[in-house]
Protein chains: 2
Amino acid sequence: MREPTIYDVAKKAGVSPSTVSRALHGKDRVSADTRSKVFQASEQLGFTASKEASRLRSGKTGRIALIVGNRMSGWYSSELAEGVYSALSNEGYDLLFYRVADRKQRADFFSSMPIKRNTDAVIISSFALTENEGQSLRDVGVPIVGVNTMHLNDRYSMASIGVDEISALKNLIHRLCVMGHTRIAFIQTTPINKDFVWDADQRIEGYRQGIRAAGITHRKDYEIPVPHSSEAGSIAVSAILALDPQPTAICCISDEIAISLVHELRRYGVRVPDDISVVGFDDREMAAPLGISTIRHRPDEYGKTAGLMAVRLARGETLDRSRIVAPASLILRDTIGPARHIN
Amino acid sequence: MREPTIYDVAKKAGVSPSTVSRALHGKDRVSADTRSKVFQASEQLGFTASKEASRLRSGKTGRIALIVGNRMSGWYSSELAEGVYSALSNEGYDLLFYRVADRKQRADFFSSMPIKRNTDAVIISSFALTENEGQSLRDVGVPIVGVNTMHLNDRYSMASIGVDEISALKNLIHRLCVMGHTRIAFIQTTPINKDFVWDADQRIEGYRQGIRAAGITHRKDYEIPVPHSSEAGSIAVSAILALDPQPTAICCISDEIAISLVHELRRYGVRVPDDISVVGFDDREMAAPLGISTIRHRPDEYGKTAGLMAVRLARGETLDRSRIVAPASLILRDTIGPARHIN
DNA sequence: CTGAAAGCGCTTACAG
DNA sequence: CTGAAAGCGCTTACAG
């Protein structure tokens with residue numbers, strides 16, 4: 001059985017297809033009487049407009065693309081996607097998801113530009129565009145919204161939102177200093193992909209600035225790199241125990257690292273926070289039950305905002321604020337305490 | 001500057017639009033010479049076909065819908081979406097994501113049926129359809145693929161894939177018995193939404209069958225419900241410590257619960273696994289670094305399979321196997337050991 | 001192997 | 001407020 005078209009509705013309601021279209025869209029002037037006849041007919045036939053046809057005619061695709069630089073199932077990407085999705089589905093837009101997780105996917109994406117002609121706006125998350133990429137993205141001719149790309153992509157994007165990770169880290173370092181810590185280390189994961197400049201690279205920058213601002217000596221060996229693996233925690237512990245003098249506080253680039261670090265430290269008999277304080281980043285769902293202190297940011301929330309900005313821009317509206325800083329807050333839980341030597 | 005159309009390519013290549021279409025699609029018989037002229041012209045103009053136009057004409061939407069019953073950012077949903085996405089993007093399909101996380105969203109979805117006319121296939125995950133819902137989904141007239149809906153939706157779906165959670169749990173119980181455990185408890189979360197019949201509800205069923213098969217007395221008070229919250233671990237510990245006799249092994253409905261349970265047990269001075277063994281379910285990323293024993297399944301992998309099945313069905317092809325059982329395997333890590341009393 | 005023609009189902013100026 | 005007409009950009013039988 002063929003799906004009913006706008007012509008079927010028109011016939012049933014005794015009006016022209018143009019009128020059906022206008023009535024259903026609601027914005028045009030249609031008499032209340034006609035409108036209700038149309039709605040009724042549409043209802044009875046179970047009419048749903050073909051998106052293809054309306055988009056072809058109107059020149060709008062009804063889609064907004066989200067481009068992320070890693071697996072969509074990671075905590076960050078999936079929270080972000082959730083937020084973007086909420087905003088878009090409220091506004092009647094489809095979410096078109098693109099993942100460019102490695103050099104090859106990235107090259108393919110930017111050379112074939114699958115979003116071209118197929119999206120009304122683009123949201124790009126977390127990694128810095130090269131000159132060429134930014135240019136070809138602009139050439140698509142749709143608004144670009146950056147998420148957590150800091151000022152990296154400001155040349156290309158019309159709007160952006162992101163966490164000020166530098167300030168967040170600086171605040172954390174300050175707080176640790178107030179608690180008497182002067183030997184503060186930072187654990188970072190070696191980038192999954194060196195071709196990408198990530199916004200999260202800002203975290204170590206924030207750490208350094210915080211150390212400097214506090215007037216503490218910056219020690220290169222206090223910046224500890226660990227691989228992306230389930231061994232990260234134990235590798236970090238070995239590295240930490242080898243340090244002289246021992247740090248009394250450790251900032252981690254993510255909760256994931258912080259969680260396994262705390263676990264391994266305790267296995268080694270190191271007390272947390274009595275001997276060493278540990279702080280993560282993200283406040284992902286496992287942080288609270290495990291008592292992990294952390295810096296909270298909410299990709300789902302600023303994803304929503306990013307989605308909304310993209311929708312507005314796609315509709316040709318203007319934004320009152322186009323560069324937004326999303327909040328990040330320090331969450332103190334069990335793994336943080338005063339430095340041992342001043343106890 | 002207007003985007004080039006197929007007419008522009010045709011003119012440049014000196015052929016008709018029909019020929020351009022055929023050449024670009026590759027399946028029709030076009031002379032090698034013509035084909036290369038067309039490709040060259042297309043390349044030079046930076047032509048990308050409008051999806052709207054081709055879909056409108058061909059009657060295919062190029063989209064496949066994934067309907068999940070919870071937040072897309074949860075571990076399960078996002079892993080699944082990642083897998084489905086991989087398969088679809090390989091095959092040139094867009095992923096249309098729908099979330100029906102509560103009663104209202106669910107009612108809205110099934111009454112307005114936004115996928116109608118807008119998708120070539122539907123993948124439905126994790127929850128059981130009602131009679132009415134199944135019927136209206138079928139009325140859309142596109143193939144339906146079930147993921148982890150066990151036999152719940154078999155009446156409606158043309159194909160399905162899912163983990164046999166019952167067998168997985170039964171195996172686990174058997175394994176624990178071999179290790180001398182006879183007092184085995186099960187911790188389950190109270191359903192987020194009681195309107196939904198979840199596939200994960202099968203896990204407790206598997207636990208019961210396993211207990212029965214092992215010839216152990218089934219104790220109702222060994223089935224411990226905890227809420228969905230960061231307190232779940234400590235609530236579970238209180239409940240466990242109040243039991244008499246104490247269980248020597250605890251199966252958890254998820255790794256999330258297992259992780260916080262182990263954490264809380266250790267805080268209470270209960271040794272894991274010496275005093276109590278703990279096993280989770282999922283093998284999500286934090287399980288390995290924390291040494292959590294668990295049952296592994298891979299939503300990203302069977303999501304890929306589900307996506308592929310949906311694509312095939314959307315194209316009108318037939319499947320060699322339409323009901324597939326995805327593997328689940330027991331992963332033994334630090335939190336499992338022999339029962340204390342036989343040490 | 002290639003082209004001319006029709007049409008997918010809408011929306012939107014243009015008249016009235 | 002409403003209708004007739006044109007057209008968005010493709011694809012696909014139909015001829016040749």
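Naming convention: chains lettered A, B, ... in sequence-line order (proteins, then strands); numbering from 1 in each chain.
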Before accepting this row, confirm whether a basic side-chain N of the pair [X]/[Y] lies closer than 4.0 Å to the acidic partner's carboxylate O.
| X | Y | value |
| --- | --- | --- |
| A:Arg99 | B:Glu82 | yes |
| A:Arg106 | A:Glu133 | yes |
| B:Arg57 | B:Glu52 | no |
| B:Arg155 | B:Glu131 | yes |
| B:Lys104 | B:Asp108 | yes |
| B:Asp94 | B:Lys51 | yes |

Practice item. Determine, step by step, whether B:Ser31 and B:Thr34 satisfy the side chain to side chain donor-acceptor pair (under 3.5 Å) criterion, reporting the C-alpha distance in whole Å, the side-chain angles of both residues, the deciding distance to 0.1 Å, and the verdict. Key: CA-CA 5 Å; B:Ser31 78; B:Thr34 309; 2.6 Å; yes
Practice item. Before giving the answer on side chain to side chain donor-acceptor pair (under 3.5 Å), spell out for B:Ser125 and B:Tyr76 the whole-Å C-alpha distance, their side-chain angles and the decisive distance to 0.1 Å. Key: CA-CA 10 Å; B:Ser125 160; B:Tyr76 171 78; 3.2 Å; yes
**Study point:** Consecutive-pair stems (3 or more, Watson-Crick or G-U, under 3.5 Å) for DNA chain C
**Key:**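 C:1-3 with D:14-16, C:5-12 with D:5-12, C:14-16 with D:1-3 - these are the stems of 3 or more pairs that involve DNA chain C.
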To the nearest angstrom, how far is [X] atom [atom1] from [N] atom [atom2]?
| X | N | atom1 | atom2 | answer |
| --- | --- | --- | --- | --- |
| B:Ile6 | D:dT11 | CD1 | C1' | 8 Å |
| A:Lys51 | D:dG9 | NZ | C1' | 20 Å |
| B:Tyr7 | D:dC10 | OH | P | 8 Å |
| A:Glu52 | D:dC10 | CD | C1' | 12 Å |
| B:Leu56 | C:dT11 | CG | P | 12 Å |
| A:His25 | C:dT12 | NE2 | C1' | 11 Å |
| A:Asp8 | C:dC8 | CG | P | 12 Å |
| A:Lys60 | D:dG7 | NZ | P | 21 Å |

Review point. Between D:dT12 and D:dG16, how far is it from one C1' atom to the other, in whole Å?
Key: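 These two C1' atoms come out 16 Å apart once rounded.
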For a quick test of reading the model: is some side-chain N or O of [X] closer than 4.0 Å to OP1 or OP2 of [N]?
| X | N | value |
| --- | --- | --- |
| A:Arg117 | D:dC10 | yes |
| B:Ser31 | C:dT2 | yes |
| A:Ser21 | C:dT11 | yes |
| A:Ser16 | D:dG3 | yes |

Review point. With a non-hydrogen cut-off below 4.0 angstrom, is B:Ser18 in contact with a base, only sugar-phosphate, or nothing?
Key: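 It contacts base atoms.
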Check your understanding: So what does B:Arg35 touch, heavy atoms closer than 4.0 Å: a base, only the sugar-phosphate, or nothing?
Key -> nothing
Do [X] and [Y] pair up side chain to side chain, a donor and an acceptor below 3.5 Å, judged on atom types alone?
| X | Y | answer |
| --- | --- | --- |
| A:Arg323 | A:Ser157 | yes |
| B:Asp120 | B:Thr61 | yes |
| A:Ser16 | A:Thr19 | yes |

Check your understanding: Looking only at atom types and distance, does a side-chain atom of B:Lys116 sit under 3.5 Å from a main-chain N or O of A:Gly46, one as donor and one as acceptor?
Key -> yes
Study note, to complete from the structure: Walking DNA chain C from its 5' end, the first of A:Ser58 and B:Pro17 to be reached, judged by nearest nucleotide, is B:Pro17
Exercise for review: For B:Ala53 and for B:Thr19, locate the closest nucleotide of DNA chain D by heavy-atom distance; then report the residue assigned to the nucleotide nearer the 5' terminus.
Suggested key: B:Ala53
**Study point:** Partner of B:Leu129 under side-chain contact (heavy atoms from CB on, under 4.5 Å), chosen from B:Ile67, B:Ile144, B:Asn153, B:Thr149
**Key:** B:Asn153
Review point. When you measure from the side chain of A:Thr34, which nucleotide among D:dT2, C:dT2, C:dC10 comes out closest?
Key: D:dT2
Practice item. Kindly point out which of D:dC10, C:dT12, D:dA4 is positioned nearest to the side chain of B:Arg57? Key: D:dC10
Review point. Looking at residues 37-47 of chain A, who's got a heavy atom less than 4.0 Å off DNA chain D?
Key: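 Output list: empty, so none.
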Which pairs, protein N/O on one side and nucleotides 14-16 of chain C N/O on the other, fall under 3.5 Å?
none

